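The structure presented is a predicted model; accordingly, all values stated were derived computationally and were not measured.
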Amino acid sequence: MSSNSFGRLFKMTTFGESHGEGIGVVIDGCPPSHEFDINFIRKQLQRRRPGQSNLVTQRKEPDEIEVLSGVFEGKTTGAPICLFIRNTNQKPKDYSHNVDTFRPSHADFTYQSKYGIRDYRGGGRSSARETAARVAAGALAQSILSKMGVTIHAFVSKVHTIEVEDIHSVDLSLIDSNPVRCPDGETAKKMESLIKQTRKDGDTVGGTIHCVINGCPIGLGDPIYEKLHAKLGSAMLSINACKGFEYGSGFGGTRMKGSEHNDLFYMDGDSAKTSSNFSGGIQGGISNGMPIHFNVGFKPVATIMKSQSTINSNGQETEIEGKGRHDPCVVPRAVPIVESMAAMVILDAYLMYKAYH
């Protein structure tokens, strides 16, 4: 039995497979009378969709959304919202070579071992195609939060060894000014060249996405086991190819002394603020009103166009080589996924906060 739901009050359940009829999401707990901004949802889906540039997989999917329930005259009704995205460009024959062979670093072996069956057509539920449904749900959460003054921006801060020197000084309005989604123009050009060369070499590279949440109210998050940073970490680590999460100073804080790391309080009018933000906007698992910022690390895509040794379902050693359409680097398309998962965590935490106050 697999886990397909996320959230407590604002809860999404995704369904569908990579090469099935389509994928979708049921959103339960969305408050009524909120504007259903379908144009924003479409925009976020377009930022995630395949085939959007020569840096990503060339699978051509329009990712047009169908609203099946929960919306009336442009507003949410409070009933479950069902959104559906049809698959229009399936090519299961691209995966015929691994019907009986396990792809290295994919979910093939573990799914087969646990369930005794697997969908070899792109991995089925383990495929990143499932994240389109998350983006649809998260975009709704993002549009609701924006009316509360909460903004969420993610961007590519690192590809392989090329990284933005100062992530806190970039112009967030420039995130979509290039296909890499890096707001530092010169760094973006280097990243783009590296990704293109990597694709020519039949290989892949990983990278890091930085996310900043501004305008988050004080008091979101619940100790002991529902801390806000723990929920954000869980959300990010559920994304395909994600290998790491750190917030605030992260692992860099281990190289500092307490006298350097402490965020000192001061009063700005009637508001309490901190002179630094190594806490990343979260203290004791609860938001403190400062910007929340975190990093999400993604591995190189597992499918490469080179021969690799592996085994088949009979335990025999064999060789496999990637075929079909795949991303040489996943991070540009993962930006809206990170934003969407963060939005659902923050909105869910806000609804929990309101339930107690």
Side-chain angles (χ1 to χ4, degrees), residues 43-44 47-48 52-56 135 142 150-199 203-216 229 232-233 235-237 239-256 260-261 263 274-282 290-301 327-343:
K43 176 184 175 182
Q44 287 295 81
R47 296 175 78 213
R48 194 223 67 96
Q52 61 184 269
S53 76
N54 59 3
L55 300 184
V56 304
V135 169
Q142 226 174 321
V150 180
T151 60
I152 302 174
H153 293 95
F155 61 88
V156 175
S157 59
K158 184 176 182 179
V159 170
H160 195 43
T161 58
I162 301 171
E163 60 184 312
V164 177
E165 289 188 6
D166 186 1
I167 57 176
H168 300 295
S169 65
V170 297
D171 184 348
L172 297 177
S173 68
L174 299 177
I175 292 173
D176 286 303
S177 63
N178 56 75
V180 184
R181 296 204 168 90
C182 172
D184 184 318
E186 290 304 312
T187 304
K189 290 178 182 177
K190 296 176 183 177
M191 291 174 173
E192 185 171 353
S193 295
L194 174 62
I195 294 172
K196 287 180 177 178
Q197 184 58 51
T198 300
R199 163 169 267 165
D203 218 328
T204 61
V205 289
T208 303
I209 290 176
H210 184 77
C211 184
V212 57
I213 305 172
N214 287 306
C216 186
H229 59 271
L232 285 168
M236 298 307 138
L237 290 166
I239 301 173
N240 308 63
C242 178
K243 301 298 285 185
F245 169 83
E246 61 175 359
Y247 76 103
S249 61
F251 285 100
T254 64
R255 298 189 292 269
M256 302 171 70
E260 301 170 313
H261 190 270
D263 295 322
T274 58
S275 56
S276 57
N277 191 21
F278 295 117
S279 299
I282 303 171
M290 295 293 287
I292 295 172
H293 58 93
F294 57 85
N295 294 315
V296 188
F298 291 85
K299 71 174 183 177
V301 175
D327 292 272
C329 180
V330 74
V331 287
R333 292 177 61 208
V335 165
I337 306 172
V338 168
E339 291 177 350
S340 291
M341 294 304 293

Does a side-chain heavy-atom distance below 4.5 Å link [X] with [Y]?
{"X": "His261", "Y": "Ser249", "result": "yes"}
{"X": "Leu232", "Y": "Ile292", "result": "yes"}
{"X": "Ile167", "Y": "Phe155", "result": "yes"}
{"X": "Ser340", "Y": "Val135", "result": "yes"}
{"X": "Ile239", "Y": "Met236", "result": "yes"}
{"X": "Thr198", "Y": "Cys329", "result": "no"}
{"X": "Cys211", "Y": "Val296", "result": "no"}

Could you tell me whether the side chain of [X] and the main chain of [Y] form a donor-acceptor pair under 3.5 Å?
{"X": "Arg48", "Y": "Arg333", "answer": "no"}
{"X": "Arg199", "Y": "Val56", "answer": "yes"}
{"X": "Arg181", "Y": "Pro332", "answer": "yes"}
{"X": "Gln52", "Y": "Arg47", "answer": "yes"}
{"X": "Gln142", "Y": "Ala343", "answer": "no"}

Nearest-0.5 Å distance, [atom1] of residue [X] to [atom2] of residue [Y]:
{"X": "Lys158", "Y": "Met191", "atom1": "NZ", "atom2": "CE", "value": "9.5 Å"}
{"X": "Thr208", "Y": "Lys243", "atom1": "OG1", "atom2": "NZ", "value": "13.5 Å"}
{"X": "His210", "Y": "His168", "atom1": "NE2", "atom2": "NE2", "value": "5.0 Å"}
{"X": "Phe298", "Y": "Thr204", "atom1": "CZ", "atom2": "OG1", "value": "14.0 Å"}
{"X": "Ser193", "Y": "Ile162", "atom1": "OG", "atom2": "CD1", "value": "8.0 Å"}
{"X": "Asn277", "Y": "His293", "atom1": "CG", "atom2": "NE2", "value": "4.0 Å"}

Give the minimum heavy-atom separation between [X] and [Y], together with the two atoms involved.
{"X": "Glu246", "Y": "Phe251", "value": "OE1-N, 2.9 Å"}
{"X": "Val180", "Y": "Val159", "value": "CG1-CG2, 4.5 Å"}
{"X": "Val164", "Y": "Cys182", "value": "CG2-SG, 3.6 Å"}
{"X": "His229", "Y": "Phe245", "value": "O-CE2, 3.6 Å"}

Lys299 atom NZ, neighbour heavy-atom count above 12 within 6.0 Å: yes
How far apart are the C-alpha atoms of Thr274 and Ser279, what are their side-chain angles, what is the distance that settles it, and do they pass the side chain to side chain contact (heavy atoms under 4.5 Å, CB included) test? CA-CA 10 Å; Thr274 58; Ser279 299; over 6 Å; no
Any salt bridge between Lys190 and Glu186, counting N to O under 4.0 Å?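 Not counted as a salt bridge, because no side-chain N and carboxylate O are separated by less than 4.0 Å.
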How about Asp263 and Ser276: does a side-chain donor come under 3.5 Å of a side-chain acceptor? yes
Show your reasoning for whether side chain to side chain contact (heavy atoms under 4.5 Å, CB included) applies to Glu163 and Thr187. CA-CA 7 Å; Glu163 60 184 312; Thr187 304; 6.0 Å; no
Stepwise side chain to side chain contact (heavy atoms under 4.5 Å, CB included) test for Val338 and Phe294: CA-CA 10 Å; Val338 168; Phe294 57 85; 4.0 Å; yes
